[in-house]
Amino acid sequence: MFIDEVVIEVIAGSGGDGCTSFRREKYIPNGGPNGGNGGRGSNIVFKVDKGLRTLLDLKYKKLLKGKKGINGMGSNRNGKNAEDIIIKVPEGTTVTDLDTGLIIADLTHENDEVIVAKGGRGGRGNAAFATHSNTAPNFSENGEPGEARKIKVELKLLADVGFVGMPSVGKSTLISKISASKPKIADYHFTTLVPNLGVVKTKDNRVFVAADLPGLIEGASLGQGLGIKFLKHIERTRVIVHILDMAAVEGRNPVDDYNKIRNELNSFSPKLMNKPEIIVANKCDIESFKDNLEKFKKEVNKDVFEISALNNEKIDELLIKIADVLDTEEKKDIYEEEQFESHVLYKFKEEKPFEITKEGDTFVIRGEKVEKLLRMTKFTDEGARRFANKLRRFGIDDELVKMGIKDGDPIRILDFEFEYRE
Ligand SMILES: Nc1nc2c(ncn2[C@@H]2O[C@H](COP(=O)(O)OP(=O)(O)OP(=O)(O)O)[C@@H](O)[C@H]2O)c(=O)[nH]1
Ligand SMILES: [Mg+2]
């Protein structure tokens with residue numbers, strides 16, 4: 001099954017917890033702290049596998065979850081990092097964060113890989129907190145929660161050339177003659193339901209990848225026929241081969257067909273109009289071909305390549321022509337730099353580390369930083385004191401006072417409630 005779009009939730013593993021522990025040795029009554037750090041949680045990694053052609057493996061997974069890092073232990077032993085979760089995806093996979101709409105990565109090369117959700121760092125053990133003023137800290141951190149995000153995973157096929165045209169013009173016949181691809185061929189519309197890729201070799205030994213796409217009809221860009229679902233696979237191609245049934249076997253009008261398809265490509269994405277186009281007049285073995293071709297040349301006034309896919313006529317020459325045009329066309333990225341999250345600074349996140357609202361009598365504090373701090377705190381006496389200090393340093397106390405908080409008023413962060421103490 002060909003699947004080219006899935007939405008999925010990814011949650012990386014949290015870090016292992018830090019450990020609170022003290023040395024116990026003969027003759028040393030009060031040994032120092034020796035609790036080790038937790039290990040990092042698993043990253044969720046997407047990696048290109050050249051053999052894959054579909055996102056089918058992801059289709060039935062609603063959630064990808066990482067493992068927690070190993071907890072720190074006494075005697076200064078650190079916990080191990082959890083192993084990364086590696087998900088194989090086909091070449092041409094774009095991963096987008098659904099909340100920000102920004103692209104996390106466009107994986108177009110063999111071995112490309114990207115961390116789509118970062119594992120949490122391990123919590124620090126109490127040994128890590130020892131200072132001159134506190135030589136025996138009696139607290140440690142929990143592991144940091146793993147990054148969680150909702151992502152869209154999209155496959156836009158990686159092909160050098162795209163075969164486009166109305167149904168039954170001979171796109172699949174052509175790819176079957178020039179590559180090992182063996183698609184279904186028949187005289188009814190929409191025989192091809194998903195794109196077929198084929199590796200093509202010219203007589204002078206140049207190699208390119210061609211995509212035979214499902215037939216387009218008027219309104220395709222609005223979802224008519226198989227429509228918009230497959231137009232995106234033309235985006236990465238460098239050359240468009242526009243195939244026409246110049247014999248007009250079904251009473252078609254090739255001039256009309258040509259204009260309609262160009263319109264659809266343009267309404268889907270005007271960028272497609274900038275790609276070089278080779279117009280192929282197919283079915284030159286049929287009588288009616290000649291008249292139609294003459295009419296077409298008069299009205300459209302562009303170069304046309306005449307072939308018979310069925311009889312293998314002029315196919316070698318066509319492939320040379322395609323390879324020549326490909327040689328002049330650079331590979332370009334299909335996205336602009338600004339569309340990637342790596343080019344956008346998350347300044348706003350730092351500017352507003354928390355938000356306080358009043359729900360009934362309760363002061364509710366929200367914000368990534370505060371929530372993370374809460375989840376990483378072990379509420380021992382010292383742990384709680386440290387937590388309170390940090391809230392003060394974030395400026396939360398000041399804000400609460402401004403909002404009129406009084407001694408004993410309830411405060412909530414996530415599902416943790418406590419009382420305000422001046
Ligand atoms: N006479 C003749 N018939 C052809 C030629 N090329 C294709 N055909 C016939 O046209 C019909 C449609 O061919 P396909 O290759 O399935 O067409 P398609 O463009 O892939 O069609 P869809 O997948 O439905 O979009 C089949 O019956 C083919 O045998 C040709 O050069 N000459
Ligand atoms: Mg076909």
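Keep in mind that this is a model prediction, so the values were computed, not measured. Just so you know, ligand 1 is whichever comes first in the structure, and atom 1 is the first atom listed for that ligand.
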Undergrad: Say whether, by atom type as modelled, one donor and one acceptor occur between the side chain of Asn126 and the main chain of Phe139 under 3.5 angstrom.
TA: no
Undergrad: Under 4.0 Å, heavy atoms only, figure out whether ligand 1 is touched by the backbone of Ala247, its side chain, both or neither.
TA: neither
Undergrad: Side-chain donor-acceptor pair under 3.5 Å between Lys275 and Thr237, yes or no?
TA: no
Undergrad: For ligand 1, which is the ligand I care about here, please tell me if Leu213 has any N or O atom under 3.5 Å from one of the ligand's N or O atoms.
TA: no
Undergrad: Would you say the side chains of Asn196 and Ser181 form a donor-acceptor pair under 3.5 Å?
TA: no
Undergrad: For the side chain of Asp99 and the backbone of Arg149, is there at least one donor-acceptor N/O pair under 3.5 Å apart?
TA: no
Undergrad: Would you check whether Ser308 has a nitrogen or oxygen atom less than 3.5 angstrom from a nitrogen or oxygen atom of ligand 1?
TA: yes
Undergrad: Does a side chain donor of either Asp84 or Ser42 reach within less than 3.5 Å of an acceptor in the other side chain?
TA: no
Undergrad: Would you find a donor on one side and an acceptor on the other, under 3.5 Å apart, between the side chain of Asn292 and the backbone of Met246?
TA: yes
Undergrad: So, does Tyr188 sit close enough to ligand 1 that a heavy atom of it is under 4.0 Å from the ligand?
TA: yes
Undergrad: Between Thr173 and ligand 1, which residue portion shows a heavy-atom distance shorter than 4.0 Å: side chain, backbone, both, or neither?
TA: both
Undergrad: Using distance alone, with no hydrogens and no angle criterion, decide if Arg392 and Asn389 have a side-chain donor and acceptor under 3.5 Å apart.
TA: yes
Undergrad: Specify the protein heavy atom at minimum distance from atom 1 (N) of ligand 1: its residue, its atom name, and the distance to 0.1 Å.
TA: Asp285 OD2, 2.9 Å
Undergrad: Please check: side-chain N/O of Arg236 versus main-chain N/O of Leu158, any donor-acceptor pairing under 3.5 Å?
TA: no
Undergrad: Within a radius below 2.8 Å of the Mg ion (ligand 2), how many protein N, O or S atoms are present?
TA: 2
Undergrad: Between Asn311 and ligand 1, which part of the residue brings a heavy atom under 4.0 Å of the ligand: side chain, backbone, both or neither?
TA: neither
